[in-house]
Amino acid sequence: MNHWLMKTEPDELGIDDFAHEPQRDFMWDGVRNYQARNFMRSMQPGDHVVLYHSSCKHIGTAGIVKVTRAAYADPEQFNPDSAYYDPKSSATEPRWDAVDLCFVDKFPRIIPLSELKTLSALADCALVRKGNRLSVMPLSANEYKAILATTNR
DNA sequence: GCCAACGTTGGC
DNA sequence: GCCAACGTTGGC
């Protein structure tokens, strides 16, 4: 089983949305970056994902969700009325993928970015590097463990 | 709101 | 294929 980290703006879809409907599968759509998409295509059902809240008041890791459906064509790319519409995408050759995620755990507190930056286990993780914009990234077992360990403080 | 860092686009 | 211009991300 692999581990991942995904960024989200909690105003759009945050850990509380997952926690309030713990049985629901949420479609994770709208990813429009090739590197992030390629990582999504590697996700398998059962993989755990650290949810990271960005562009908000409390920036940091917020909880765990899990993959319940592997990558499939993101329907928004075909919808001309969607902000995620991509006219260069076709049904036979879709460019963008979505996955389904559901709730696993909400951390007792948001672990702030400033604290994540102090963890030596995360020194090589794209998340804490300056200027990083990658919204979906793999986590090594050690990185995942280090993030979970912060919740025990 | 500012702005640095980054990815993408498009002219050449 | 290069690279300047542009739009976006995302912390502060």
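Lettering follows sequence order; numbering is per chain, from 1.
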Exercise answer: donor-acceptor pairs, residues 76-90 of chain A side-chain atoms, under 3.5 Å, sequence neighbours excluded:
| residue | atom | partner | partner atom | Å |
| --- | --- | --- | --- | --- |
| A:E76 | OE1 | A:S82 | OG | 2.8 |
| A:Q77 | OE1 | A:S89 | OG | 2.5 |
| A:Q77 | OE1 | A:R95 | N | 3.1 |
| A:Q77 | OE1 | A:W96 | N | 3.0 |
| A:Q77 | NE2 | A:D74 | O | 2.9 |
| A:Q77 | NE2 | A:W96 | O | 2.8 |
| A:N79 | OD1 | A:D81 | N | 2.9 |
| A:S82 | OG | A:Y84 | N | 2.9 |
| A:D86 | OD1 | A:K88 | N | 2.9 |
| A:D86 | OD2 | A:W96 | NE1 | 2.7 |
| A:S89 | OG | A:R95 | N | 2.9 |
| A:S90 | OG | A:T92 | OG1 | 3.3 |
| A:S90 | OG | A:E93 | N | 3.0 |

Provide the full list of side-chain hydrogen bond (donor to acceptor under 3.5 Å, both in side chains) pairs with a residue in residues 5-16 of chain A, sequence neighbours left out, each pair given once.
A:D16-A:K106

Find the distance A:Y34:OH to C:dT8:C1' and express it as a whole number of Å.
15 Å

Roughly, in whole Å, what's the span from CG in A:D86 to P in C:dT8?
14 Å

A:H3 side chain to A:E143 main-chain N or O, any donor-acceptor pair under 3.5 Å?
no

Mind listing the closest non-hydrogen atom pair of A:Y52 and A:T61 along with its distance?
CD1-N, 3.9 Å

Send over the distance from A:E12 CD to C:dT8 C1', rounded to a whole Å.
15 Å

Close N or O pairs between protein and nucleotides 9-12 of chain C (under 3.5 Å):
| residue | atom | partner | partner atom | Å |
| --- | --- | --- | --- | --- |
| C:dT9 | O4' | A:R133 | NE | 3.3 |
| C:dT9 | O4' | A:R133 | NH2 | 3.3 |
| C:dG10 | OP1 | A:K7 | NZ | 3.0 |
| C:dG10 | OP1 | A:R133 | O | 3.0 |
| C:dG11 | OP1 | A:Y52 | OH | 2.6 |
| C:dG11 | OP2 | A:S55 | N | 3.2 |
| C:dC12 | OP1 | A:K117 | NZ | 3.4 |

Donor-acceptor pair, side chain of A:D17 and main chain of A:G14, under 3.5 angstrom
yes

